[in-house]
Asks: 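Take a look at this one; I'll ask things after.
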Amino acid sequence: MRILFVNERCGYAGGIEQNVADTSVGLRARSHQCYLVYGAVTGQGDIEAYKQFFDGCFQCAELGSDKSQDSFETIVKRVQPDIVYLHKFRGIQPFEHVLKGIRTVRVIHDHDLCCPTGLKYYRLSGHICTVKAGWRCWLDGGFLARDMHSPVGFSFSSIGSKIQEMRRNMLLDMFIVDSHFMREELTGNGFPSEKIHVVPHIV
């Protein structure tokens with residue numbers, strides 16, 4: 001089987017990039033072919049050694065700032081994957097028309113997809129948030145996002161756009177999370193429970 005991983009970064013940076021590499025190693029050991037689409041390199045460690053975990057790596061225009069790179073559609077036509085395996089990236093809209101007809105799995109690594117702030121706790125009290133994304137997010141300043149490039153240290157974020165992104169992702173074939181808490185977070189926001197599989201991370 002030909003599996004196309006999609007992640008915004010190539011190389012070691014954190015748990016996501018390690019997960020991508022380890023999964024590819026495991027799948028290739030079972031005779032699958034694994035490819036990586038990415039937007040930028042991390043600048044940490046040996047990038048060329050990281051790329052050896054895959055049968056091919058492709059920098060993608062939609063995932064990075066270099067628009068001279070190949071488009072996602074061009075890369076998919078070249079690889080012809082049986083499965084697209086989505087990890088961390090900003091938004092699915094640029095890929096939607098290409099993904100039609102291809103079985104697509106997404107790993108949910110954090111709260112960014114379901115929480116406008118990405119924190120999943122109330123800013124004012126510090127308590128864990130247990131409600132779905134919606135009008136309550138306005139009460140806790142969910143429309144504010146940290147922005148190091150802004151003179152005031154923050155910028156405005158659209159809660160409505162976040163909810164639209166969730167709805168687009170709900171159409172994917174399968175979701176993988178690492179805990180039952182994350183599974184409940186997805187189902188509480190309207191994701192079909194039959195599409196969600198809990199696969200805990202291992203040490």
Side-chain angles (χ1 to χ4, degrees), residues 1-110 112-113 165-178 182-183 186 191-192 194-202:
M1 192 158 51
R2 299 167 72 84
I3 304 166
L4 184 63
F5 290 74
V6 177
N7 192 53
E8 61 187 6
R9 296 186 292 185
C10 172
Y12 294 108
I16 295 175
E17 288 71 31
Q18 185 68 60
N19 179 276
V20 170
D22 290 345
T23 305
S24 179
V25 169
L27 290 170
R28 292 179 76 195
R30 290 160 176 79
S31 301
H32 299 294
Q33 295 179 1
C34 296
Y35 303 85
L36 174 66
V37 171
Y38 65 95
V41 297
T42 63
Q44 298 180 30
D46 189 337
I47 298 299
E48 293 306 315
Y50 186 89
K51 289 181 177 180
Q52 294 304 309
F53 294 129
F54 305 90
D55 293 284
C57 296
F58 308 92
Q59 196 167 9
C60 174
E62 289 92 341
L63 287 171
S65 58
D66 188 352
K67 302 307 177 187
S68 67
Q69 298 295 334
D70 286 339
S71 68
F72 183 67
E73 184 173 9
T74 299
I75 296 168
V76 167
K77 287 180 179 178
R78 185 180 307 164
V79 175
Q80 296 185 341
D82 300 295
I83 290 179
V84 173
Y85 197 14
L86 302 172
H87 286 266
K88 180 83 170 181
F89 55 91
R90 289 187 180 179
I92 199 169
Q93 191 172 13
F95 312 112
E96 282 181 307
H97 69 288
V98 183
L99 293 175
K100 289 180 180 178
I102 305 175
R103 187 162 176 80
T104 307
V105 179
R106 180 162 189 183
V107 183
I108 309 298
H109 292 279
D110 48 38
D112 287 352
L113 187 59
E165 176 68 12
M166 276 200 303
R167 289 174 179 165
R168 291 190 179 102
N169 276 267
M170 288 176 190
L171 301 176
L172 300 178
D173 295 295
M174 188 169 77
F175 305 93
I176 296 175
V177 296
D178 66 357
M182 288 295 294
R183 187 180 193 278
L186 292 184
F191 284 77
E194 66 274 11
K195 291 185 177 183
I196 306 169
H197 299 265
V198 179
V199 182
H201 291 322
I202 62 169

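Just so you know, these numbers use all the heavy atoms, side chains as well, and skip hydrogens, waters and symmetry mates. Along the sequence shown, residues carry numbers from 1.
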Asks: If I take atom CG from residue Leu63 and atom OG from residue Ser71, how far apart are they, to the nearest 0.5 angstrom?
Replies: 11.0 Å
Asks: Checking the side chain of Thr42 only, and the main-chain atoms of Tyr12 only, is there a donor and an acceptor separated by less than 3.5 Å?
Replies: yes
Asks: Show the nearest heavy-atom pair for residues Asp46 and Glu48, with the distance to one decimal.
Replies: OD1-N, 3.1 Å
Asks: Could you give the distance from CG (Leu172) to CD1 (Ile102), rounded to the nearest 0.5 Å?
Replies: 12.0 Å
Asks: For Leu4 and Pro81, work out which heavy atoms get closest and say how close.
Replies: CB-CB, 3.8 Å
Asks: Quick test of your reading of the model: are Glu17 and Arg9 salt-bridged, counting only N-O distances below 4.0 Å?
Replies: yes
Asks: Do Gln44 and Tyr50 come within less than 4.5 Å of each other through their side chains, counting heavy atoms only?
Replies: no
Asks: Is the shortest heavy-atom distance from the side chain of Phe72 to the side chain of Val6 under 4.5 Å?
Replies: yes
Asks: Between the main-chain N or O of Asp66 and the side-chain N or O of Ser68, is there a donor-acceptor pair closer than 3.5 Å?
Replies: no
Asks: Side chain to side chain contact (heavy atoms under 4.5 Å, CB included) between Leu186 and Lys195: does it pass, once the steps are laid out?
Replies: CA-CA 10 Å; Leu186 292 184; Lys195 291 185 177 183; over 6 Å; no
Asks: Measure the CG-CZ distance between Asp70 and Arg78 for me, rounded to the nearest 0.5 Å.
Replies: 4.5 Å
Asks: Look at Lys77 together with Glu73 and state whether they make a salt bridge at an N to O cut-off of under 4.0 Å.
Replies: yes
Asks: Can a salt bridge be assigned to the pair Asp55 and Arg2 using a cut-off of 4.0 Å between side-chain N and carboxylate O?
Replies: no
Asks: Does CZ in Arg90 sit with more than 12 non-hydrogen atoms of other residues, nucleotides or ligands closer than 6.0 Å?
Replies: no
Asks: A side-chain contact here means heavy atoms from C-beta on lying under 4.5 Å apart; do Cys10 and Leu36 qualify?
Replies: yes
Asks: With a 4.5 Å limit on heavy-atom distance, are the side chains of Phe58 and Val79 in contact?
Replies: yes
Asks: Quick one: NZ on Lys88 to NE2 on His109, what's the gap to the nearest 0.5 Å?
Replies: 9.0 Å
Asks: Is a side-chain N or O of Gln59 found less than 3.5 angstrom from the main chain of Tyr38, in a donor-acceptor match?
Replies: no
Asks: Please examine the side chains of Leu86 and Phe95, heavy atoms only from C-beta on, and report whether any two atoms are closer than 4.5 Å.
Replies: no
Asks: How long is the span from the OG1 atom in Thr104 to the CE atom in Met174, to the nearest 0.5 Å?
Replies: 10.5 Å
Asks: Just by modelled atom types, is the Phe53 backbone N or O under 3.5 Å from a matching donor or acceptor in the Arg28 side chain?
Replies: yes
Asks: Specify the closest pair of heavy atoms between Cys60 and Ile75, including all atoms of both residues, with the distance to one decimal.
Replies: CB-CD1, 3.9 Å
Asks: For residues Ile92 and Leu99, determine if any side-chain heavy atom of one lies less than 4.5 Å from a side-chain heavy atom of the other.
Replies: yes
Asks: Is any side-chain heavy atom of Glu165 closer than 4.5 Å to one of Leu113?
Replies: yes
Asks: Could you check whether the rings of Phe191 and Phe175 sit parallel, tilted or perpendicular, using 30° and 60° as the cut-offs?
Replies: perpendicular
Asks: Can the ring centroids of Phe54 and Tyr35 be said to lie less than 6.0 angstrom from one another?
Replies: no
